[in-house]
There are 2 protein chains.
Amino acid sequence: MTCEPGLERDDLDMCETHEVDFRSAEEARASLPDTGYVAEVFRVMGDSTRLSILYLLLKREWCVHDLATILDTSVSNVSHHLRLLRTMRLVKATKVGRRVVYSLDDEHVETLMSEAFKHAAHG
Amino acid sequence: MTCEPGLERDDLDMCETHEVDFRSAEEARASLPDTGYVAEVFRVMGDSTRLSILYLLLKREWCVHDLATILDTSVSNVSHHLRLLRTMRLVKATKVGRRVVYSLDDEHVETLMSEAFKHAAHG
DNA sequence: CGCATATATGATTATATGTTCAAATATCGA
DNA sequence: TCGATATTTGAACATATAATCATATATGCG
C-alpha cells in the first residue's frame, strides 16, 4: 500500500507502519454521518428519571404532579426533565385546566425503548 | 373516586383534588421496571465521539490509532471512550501484535443505532 | 377578590463527564 | 538491547448536569 497523490498524507498517515490502508480510513471518515443529533437523543434518554417518564408515557399520558408522585421526586425536578424532553420533541404538553398533561411525541422513541428494554431483559 | 384502605394515602395522595385515581398511579409505579441499566446504555451511547466509534464499528473492526485519526482526536481520548464502551460490553478488544483491534460486542446496539439513525434521517 | 393548587423558571450547589497531558506498559524491528 | 510504535492509565481541569430551593405565573374555586 502506497500513498497516492491527491490525498493528504498529513491528515491520514496510516500507511507508514500500519498495513491498514489510509484510503479505507478516508472512506470511513467520509461515510461517518453527523452523530450530534442522535447522540443528543440518546443522552436525553440516558437518565434514569427521564427514561422512567418516557416509560410511563408509553402506556398513557400523565400530568406533572402524578409523575412526580410516581417517581418519588419533586414536581420541580420532573418539570425540569420534561422541559428537556419537550425541547427534544420527545414529549408534548397539553394544557387541561390548571394541569399540563404530557404524552409521547415521537413514535421512534417507543421503538428505541421497547428495543432497549427487550435487550435488558435478555441480558 | 375514594381512597380505599390498604393503600398508603401518604405515599400516593392523588385522590384529593385530582380526578386521577391513585390506584392507577400505584399500578404505574409497580409496573415501572428498573431503568438504571438501560439508562446507562443510552448514556454511554449519548456522546458524539462514542457514537461515532460505534458507527464505524458497524462496518468493520478498527484499532485505536485508526479510530483516533478518523475521528480527528487523540489516541488517549479514544482509549478512554473505548474503556467505557468495553465496561458496558458494547465493544470487545482483541490484541493483534502490538495493536488492539476493537469490534462490536452487542448485536442489540446495532439494532438501536440503525433505528436511531433511520429516525434521524427521517426527521 | 383571596386562596389553594399546578406548573414553570432561575439561581445555586454538588457531582459527573470529556478532554488533555504526562507517564507507564507492551510489542515489534533493527 | 535500543528505539519506535501502540495502547493504557492516572491526574488535572474546565464544563455539563441533576437536584434542590425559592419564587413567579396561572388556573380554579369559595
Side-chain angles (χ1 to χ4, degrees), chain A residues 12-20 22 25 35-36 39-54 61-88 91-103, chain B residues 12-20 22 25 35-36 39-54 61-88 91-103:
Chain A
L12 287 163
D13 55 347
M14 307 204 144
C15 48
E16 188 175 41
T17 62
H18 278 133
E19 55 265 22
V20 174
F22 71 100
T35 55
E40 209 172 341
V41 171
F42 277 133
R43 185 183 60 80
V44 169
M45 296 179 72
D47 173 84
S48 191
T49 302
R50 284 193 295 269
L51 196 60
S52 297
I53 291 174
L54 292 175
E61 55 184 23
W62 288 102
C63 72
V64 183
H65 177 275
D66 290 354
L67 287 172
T69 306
I70 296 171
L71 299 176
D72 194 34
T73 185
S74 69
V75 166
S76 173
N77 190 26
V78 170
S79 183
H80 277 297
H81 283 301
L82 284 170
R83 185 159 61 91
L84 236 181
L85 292 168
R86 221 177 337 120
T87 301
M88 294 297 294
V91 305
K92 65 174 183 288
T94 307
K95 189 139 195 174
V96 178
R98 53 182 152 179
R99 241 169 296 153
V100 178
V101 175
Y102 282 85
S103 55
Chain B
L12 288 163
D13 54 348
M14 308 203 144
C15 49
E16 189 174 39
T17 60
H18 278 135
E19 54 265 23
V20 174
F22 71 100
T35 55
E40 210 172 340
V41 172
F42 278 133
R43 185 182 61 79
V44 169
M45 296 179 72
D47 173 84
S48 190
T49 304
R50 285 193 294 270
L51 196 60
S52 296
I53 291 174
L54 292 175
E61 56 186 22
W62 289 101
C63 72
V64 183
H65 177 275
D66 290 353
L67 287 172
T69 305
I70 296 170
L71 299 177
D72 194 33
T73 185
S74 69
V75 166
S76 172
N77 190 25
V78 169
S79 183
H80 278 297
H81 284 301
L82 284 170
R83 185 159 62 91
L84 237 181
L85 293 168
R86 221 177 335 120
T87 301
M88 295 297 295
V91 305
K92 64 173 185 287
T94 308
K95 189 140 195 174
V96 178
R98 54 183 150 177
R99 238 169 301 151
V100 179
V101 174
Y102 282 85
S103 55

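Chain identifiers are assigned alphabetically (A, B, ...) following the order of the sequence lines, protein sequences preceding nucleic acid strands; residue numbering begins at 1 within each chain. Note that the coordinates shown come from a computational prediction; the quantities given were computed from them, not determined experimentally.
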* Considering all heavy atoms of both residues, which atom of B:Ala93 and which atom of B:Tyr102 are nearest to each other, and what is their separation? -> CB-CE2, 3.6 Å
* Asked: Got a donor-acceptor pair under 3.5 Å from the side chain of A:Ser76 to the base of D:dC21?
  -> yes
* CD of A:Glu61 versus P of C:dA6: gap in Å, rounded? -> 16 Å
* For the pair made of CG in B:Asp66 and P in D:dT5, what is the distance, rounded to whole Å? -> 15 Å
* Check side-chain hydrogen bond (donor to acceptor under 3.5 Å, both in side chains) between B:Ser48 and all other residues, then give those that pass, not counting sequence neighbours. => A:Thr35
* To do: Figure out the OH/P separation between B:Tyr102 and D:dT7, and round it to whole Å.
  => 8 Å
* Asked: Which nucleotide, C:dT7, C:dA8, D:dC21, lies nearest any side-chain atom of A:Val75?
  -> C:dT7
* Closest nucleotide among C:dT20, C:dA8, C:dT9 to the B:Thr73 side chain -> C:dT20
* To do: Mark yes or no for whether A:Thr73, through its side chain, and A:Thr69, through its backbone, hold a donor-acceptor pair below 3.5 Å.
  => no
* **d(CG, B:Leu71; P, C:dT20) in whole Å** => 12 Å
* Ring of A:His80 versus six-membered ring of C:dT9: centres under 5.5 Å and planes under 30°? -> yes
Please write out the pairs of protein N or O atoms and N or O atoms of nucleotides 15-18 of chain D separated by less than 3.5 Å, giving the distance to one decimal.
unit_1: D:dT17; atom_1: OP1; unit_2: A:Arg43; atom_2: NE; d: 3.4
unit_1: D:dT17; atom_1: OP1; unit_2: A:Arg43; atom_2: NH1; d: 2.8
unit_1: D:dA18; atom_1: OP1; unit_2: A:Arg50; atom_2: NH1; d: 3.1
unit_1: D:dA18; atom_1: OP1; unit_2: A:Arg50; atom_2: NH2; d: 2.6
unit_1: D:dA18; atom_1: OP2; unit_2: A:Arg50; atom_2: NH1; d: 3.4

* Backbone N/O of B:Val75 and side chain of B:Ser79: donor-acceptor pair under 3.5 Å -> no
* To do: Report, as a single string ordered 5' to 3', how protein heavy atoms within less than 4.0 Å touch nucleotides 24-30 of chain C: B base, S sugar-phosphate only, - not at all.
  => --SBB--
* Contact check, side chains of A:Leu54 and A:Arg50, non-hydrogen atoms, under 4.5 Å -> no
* Structure fact -> Nearest heavy-atom contact between B:Leu71 and B:Ser52 is CD2-CB, 3.6 Å
* Determine yes or no for a side-chain-to-main-chain donor-acceptor pair under 3.5 angstrom, with B:Arg86 supplying the side chain and B:Lys92 the backbone. => no
* CZ of B:Arg83 versus P of D:dA6: gap in Å, rounded? -> 22 Å
* **Close side-chain approach of A:Leu67 and A:Leu82, heavy atoms under 4.5 Å** => yes
* Evaluate the side-chain proximity of A:Phe42 to B:Leu51: yes if any heavy-atom separation is below 4.5 Å, no if none is. => yes
